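Proteins get letters first, then strands, A, B, ... in listed order; numbering begins at 1 in each. Just so it is clear, the model here is predicted, and its values are computed rather than measured.
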Amino acid sequence: MSKILKYVAGGIAASLPASAAFAAWDLNMTVGVTELSRDIHGLHMLIFWICVLIAVAVFGMMIYSLVKFRHSQGAVAAKFDHSTKAEIVWTIIPIAILVGMAIPAAETLIKIEDTRHSDLSIKVTAYQWKWHYDYLDKNVNFFSTLRRDHDKARQLHSGVDPYSVPNYLLEVDHPLVVPVGAKVRILLTSSDVIHAWWVPAFGMKKDAIPGFVNEMWFRADKVGTYRGQCAELCGRDHAFMPVVVRVLAKDEYDSWLKEQQQPAAAPVANANVESAALTVAKAE
Amino acid sequence: MAHAHTTHATTHAPGEKYYVPHGSPWPIIGSVALFTAVSGGALWLNHVNSGPWIFSVGILLVIFMFAGWFGTVINESENHLFNDAVDRSFRMGMMWFIFSEVMFFAAFFGALWYAREYSIPWLGGEGVKVFTKFLLWKDYESAWPSNGPGQVGGDFEVVPAFGLPAVNTALLLTSGVTITIAHHALRAGNRKILNIFLALTFILGFIFVGLQAEEYHHAYTELNLKLSSGVYGSTFFMLTGFHGLHVTIGAIMLTVIWFRCLKGHFTPTHHFAFEGVAWYWHFVDVVWLGLFIFVYWL
Amino acid sequence: MSTAHNLTGGHTAGHADEHHDHDHHGPEKGWRRWVFATNHKDIGTMYMLFSLAMFFVGGTMAMVIRAELFQPGLQLVDPQFFNSMTTMHALIMIFGAVMPAFVGLANWMIPLQVGAPDMALPRMNNFSFWILPFAFSMLLATLFVPGGAPAGGWTMYPPLSLQNGTSFPMLIFAVHLMGASSIMGAINVVVTIMNMRAPGMSLLKMPLFVWTWLITAYLLVAVMPVLAGAVTMLLTDHYFGTSFFQAAGGGDPVMFQHIFWFFGHPEVYIMILPAFGIVSEIIPTFSRKPLFGYDAMVYATASIAFLSFIVWAHHMFTVGMPLAGQMFFMLATMLISVPTGVKVFNWTATMFKGSISFEPPMLFAISFLFLFTIGGFSGLMLAMVPADFQYHDTYFVVAHFHYVLVPGAVFSIMAAVYYWLPKWTGHMYNMKLATWHFWLSTIFVNVLFFPQHFLGLAGMPRRIPDYSTQFADWNMVSSIGAFGFGLSQLMFAYIVISTIRGGVKATDKVWDSGTPQGLEWTLSSPPPYHSFEVAPEVK
Ligand code: HEA
Ligand code: HEA
Ligand code: CUA
Ligand SMILES: [Cu+2]
């Protein structure tokens, strides 16, 4: 089944403008750079075309009737008003179609939920309105906030033309950095309200819920910089807490990690886990 | 489909006609009353001094509205303006109102169930949420009753099921019996029994409320069990509290129809108000059983 | 509006008039008629006008939203205010525009369609209506309090919604009042239908509008109290130290979402089932052919209502539910397409081999058929959990629900008004103008909402006042559509008001061209102030 999906996915990826070049008039879901995102895109296109087919059939029938049986053209109404056979047919067929959609959906879902055997675990804590990344037991951790120049530009009446700011609203001071080809497990929580961590190219979105930890994973198989946004209303600046992930080659990643591992970072790490727990503990 | 060929019965006896009241001031008074009450409430919660006063005025208006509205209906009923169809409407209306009440309690029972089956175990690191314990609540062991990993409200003890609550259960179940006896008496036209057992019913009801108050006092002063004692305190007091409120209202309604009985209202065949209140009372009774089992006992 | 015949309540030639007796008067004079109203027609009229007003208020807020989103960068409003607009827009459109419109139609049409003298509980009927103006005054008042109106989204998720200051209790109490109003309205509908049907009108002879409303009323009575419970818990969490939605106290913010959507999903069907009923009345009339598969339609509606209770968590696929839960809610949700499909197919079969003419009500019904179905398809796509991980909280969702709500629910309401307005007022409206209103609405609504599918798929989150430049073009298109659609609605208001004021007399059957079924067409246009005081016999 999933083979068919990949095939469909490939076909569509070619036929629809999903690349940055056409970004402005983007029409379709990105294919992304992970196995999951490709499966999801394939699934998306599969359902899409099924719906198109049904639409063609149903709308075709409607349009035919509307044109063929016009009163103005002297059409005379027939008398029939029911047919049990018809009812059964158009109950069974949709059910069959649905089963056909449910199977690949279930397959993909099971794959998505399997967060075991990860190469790297990162604890992501959401704040109003920034992200905190904590590379578990690597004692590397830092906040990731909308970059200054973007923050200036987005103020009411800032007078700055958004087009003059590359990647407007999708640039942070410290992007998350991960190695290519590694299964990264994200452990999501929040310190205040509910947020959602989302990078379309990775195909996954999960809520960050205060007091609970949600899991999700991705394995990016293409180096590059990938951008997303907080995807759950979290107050005034919900629109201004982007997610930026830099996927590096293994060795580059290792050297990056080294230079981050200043001892100073260590205490901050716990401090943050604490503060998270504390803010939650405070009854509203 | 309904075929639109209609004819009209040429004769019809009076009383066969469905009573449609003309212009009534009570609903708009009710709307104004509710609005006043909630405005007062909103101000109160925002710490505006006038809040409590406006709120009280609203509540008084609500009471006034009910008195006036039901008074009007009682008069109409005593003047035989209601035919069987109207009576049926009232019954159906009451049933669906009670059903909506059931759904209101369902929300809170649902919360209790969710807390016990999901959130508490999850916080304890069970199921899909292992990392929740590991990263956020290291030293929390899930258990019930619980005020959560934050120990919100501090240590507390719970009210044992087989003390006061058991007594209360007995009281309510008995009151369920007494009102049934009263109903049979009414049907049999035995007003004496009716009056006695109806009185017994609301007396039992008020005793129940008294004991509930006693229990709350005990909980707050000796058990340190408060509305703010984490999710246990929340569910415990919201469920028993709303139930207590309903018992109070029910007992008041019982008192009202008791006075109506004394005034000789209701006939063996025609006594919707009585039955409506009786249904309501049984509903309150059943909710309590749910409470006793799921809140106090298990 | 004063000269419309039935609105001044003059006794028009109606069967009821032969049965004069002491307690049968016309309407009271002046304001008392409306404030003390117990007449289902008067109350229905008030509901409809209230709904129209709220549609304009909520729409104006939508215009603010679309104006800010016209281009990237913040030009007009503060982000907090933008969130308030989004929140209030939704609450007002759902609880102030669509639901009251349907209740108004129920008030006007159900007694006429089942052959009853009035609604079963006329005083409570007045209560249900008059609570609403007060509830919405309270809600709209939040715009002027310190800290501004609620800005946590119409879904009121904690902990965010708890951050709202002064406006918070006002929001909660407004919702309580709306709930009380809906519950009483629903009880009235159930009782009227179950108890007041004319002799001979068995359940399976009832017009479909009555059927769909009966089932809708059950949904309302079942879920409105649950919403009341949910917001009550919010209130106690905020002010009385409870921990329902606090992890530290053993609660869970997600618990609110479960309770809310247990109400919320049936709620969305509450906004579409009466629409199904309306369309099922109109299509047969203008196809000059009886509704195809009446029984199947009834059973389909019932199954949709039943299923709507077990699909709520499809709004919460990203909260981290156990796998089994996600599977269950995905499959249950997909299933709803089946009975809904049955309805679409039956409507198509009704038009097939009919003799179709295109009066305004029919035009809107046809538009409903196509555009609702598109909205249904996107809904089905959203039901696929893995795909929803991408769609969730993007404009793809916004596109989905506006397709089912605007060309769905709202168009059906406009179809109903164009269908029954002549019956209510006794006046024909300006067909040409109405046809213009139809074409403008249908074209602009697609310009408005179709591009939002693209925006969502391209990755634009919902509930944001400003966005990255790659979303600019489609947003501009959508905003242009919005302004066009909004302005077109001014025509609707004009047509309705001018028709109430006067116009060509309408015949009793109104659509002599078509073949309108049902008791309402046996009465004069407008119907007498007290119709069916003696129940008609239905054969
Ligand atoms: C009138 C209101 C209405 C209606 C009728 C529907 C109908 C449906 N909705 Fe929608 N929905 C909303 C209003 C509505 N919705 C709202 C307001 C939200 C957002 C709330 C918020 O977050 O603010 C929402 C959100 C929403 C979500 C959550 C998305 C997210 O937040 O991530 C989902 C997910 O499953 C969903 C699914 C569906 C489905 C499967 C249907 C089905 O009922 C559709 C069935 C119809 C069809 C499928 C078309 C006709 C059928 C055929 C022609 C037969 C053949 C077809 C097949 C066999 C495929 N809806
Ligand atoms: C029945 C319900 C309903 C209806 C009818 C509508 C109608 C419209 N909606 Fe709404 N909408 C919702 C229910 C509804 N919506 C819900 C539930 C949400 C989710 C909220 C949330 O996320 O919490 C939402 C959110 C929502 C958003 C997303 C906001 C965000 O995520 O930040 C947008 C953005 O385009 C939008 C637009 C519109 C528009 C343009 C209309 C138009 O159809 C309105 C047209 C009507 C008018 C314009 C009024 C009449 C005309 C005048 C008043 C004259 C003046 C006009 C001009 C000056 C042009 N709606
Ligand atoms: Cu953080 Cu939205
Ligand atoms: Cu839903």
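Atom OG1 of T348(C) is separated from atom CZ of F59(A) by 9.5 Å, given to the nearest 0.5 angstrom. Atom CD1 in I50(A) sits 11.0 Å away from atom CZ in F377(C) (nearest 0.5 Å). The distance from atom NZ of K68(A) to atom CE of M351(C), rounded to the nearest 0.5 Å, is 14.5 Å. Distance check, rounded to the nearest 0.5 Å: CE of M297(C) to NE2 of H82(A) gives 14.5 Å. Distance check, rounded to the nearest 0.5 Å: CG of L457(C) to CG of L27(A) gives 9.0 Å. In this structure, L74(C) CG and Q155(A) CD are separated by 8.0 Å, a value rounded to the nearest 0.5 Å.
Heavy atoms closer than 4.5 Å to chain C are found in both the backbone and the side chain of F80(A). Proximity to chain C (any heavy atom under 4.5 Å) is shown, for L36(A), by neither the backbone nor the side chain. If you measure heavy-atom distances from M101(A) to chain C, the contacts under 4.5 Å come from both the backbone and the side chain. Contact annotation for I112(A): only side-chain heavy atoms (C-beta onward) come within less than 4.5 Å of a heavy atom of chain C. Proximity to chain C (any heavy atom under 4.5 Å) is shown, for A102(A), by both the backbone and the side chain. In this structure, chain C has no heavy atom under 4.5 Å from any part of S158(A). Residue contact with chain C, scored on non-hydrogen atoms closer than 4.5 Å, involves the backbone and the side chain of E232(A) alike. In this structure, chain C has no heavy atom under 4.5 Å from any part of Q73(A). Within the 4.5 angstrom heavy-atom criterion, only side-chain atoms of I40(A), from C-beta onward, approach chain C. For C234(A), the part sitting under 4.5 Å from any heavy atom of chain C is the backbone (N, CA, C, O) and nothing else. Heavy-atom distances place the side chain of L170(A), and not its backbone, under 4.5 Å from chain C. F352(C) touches chain A through backbone and side chain together, each having a heavy atom under 4.5 Å away.
Looking at S355(C), its side chain does come within 3.5 Å of a backbone N or O of A75(A) through a donor-acceptor pair. Under the 3.5 Å distance criterion, the side-chain polar atoms of Q390(C) are left unmatched by any main-chain donor or acceptor of H41(A). Of the possible polar contacts, one joining the N214(A) side chain to the V319(C) backbone as a donor-acceptor pair under 3.5 Å is found. In this structure, N28(A) contributes its side chain and F454(C) its backbone to no donor-acceptor pair below 3.5 Å.
By the 6.0 Å and 45° rule, K353(C) does not stack over the aromatic ring of F69(A). A cation-pi arrangement is absent between K206(A) and F317(C) under the rule of less than 6.0 angstrom and at most 45 degrees off the ring axis.
Closest non-hydrogen pair, A247(C) versus P210(A), comes out as CB-O, 3.8 Å. Nearest approach of G153(C) to L233(A), heavy atoms of both residues: N-CD2, 3.6 Å. Shortest non-hydrogen contact noted between I209(A) and P253(C) is CG2-CG, 3.9 Å. Taking both residues in full, the closest heavy atoms of Y168(A) and P72(C) are given as CE2-CB, 4.4 Å, listed atom of the first, atom of the second, then distance. Across V77(C) and L156(A), no two heavy atoms sit closer than the pair O-CD1, 3.7 Å. Residues N83(C) and G235(A) come closest through the heavy atom pair ND2-O, 3.3 Å.
Ranked by heavy-atom pairs under 4.5 Å with chain A, the list P386(C), A387(C), S468(C) is led by P386(C). Options D252(C), D295(C), V477(C) differ in how many heavy-atom pairs under 4.5 Å they form with chain A, and the most are formed by D252(C). Heavy-atom pairs under 4.5 Å with chain A were tallied for D466(C), D78(C), N164(C); the largest tally goes to D466(C). When Q80(C), Q71(C), R288(C) are compared by the number of non-hydrogen pairs under 4.5 Å with chain A, R288(C) comes out ahead. Counting heavy-atom pairs closer than 4.5 Å to chain A, the top residue among Q326(C), R462(C), M460(C) is Q326(C).
In this structure, D81(A) and L291(C) have side chains that are not in contact, with every pair of non-hydrogen atoms separated by 4.5 Å or more. The shortest side-chain heavy-atom distance between Y467(C) and P162(A) does not fall under the 4.5 Å cut-off. You'll find the side chain of V193(A) stays beyond 4.5 Å of the side chain of L162(C), heavy atoms only. Considering only heavy atoms from C-beta on, F389(C) comes within 4.5 Å of L109(A) through its side chain. The shortest side-chain heavy-atom distance between P159(C) and D192(A) does not fall under the 4.5 Å cut-off. Side-chain atoms of M62(A) and I366(C), non-hydrogen and from C-beta on, never get closer than 4.5 Å to each other.
Between D388(C) and K205(A) no salt bridge is recorded (no basic side-chain N to carboxylate O distance below 4.0 Å).
Using the six-membered ring where Trp is involved, F345(C) and W90(A) have ring planes that are tilted, between 30° and 60° apart.
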What's the verdict on ring-ring contact (aromatic ring centres under 6.0 Å, His included) for F286(C) and H71(A), showing C-alpha distance, side-chain angles and the deciding distance? CA-CA 9 Å; F286(C) 299 100; H71(A) 187 63; over 10 Å; no
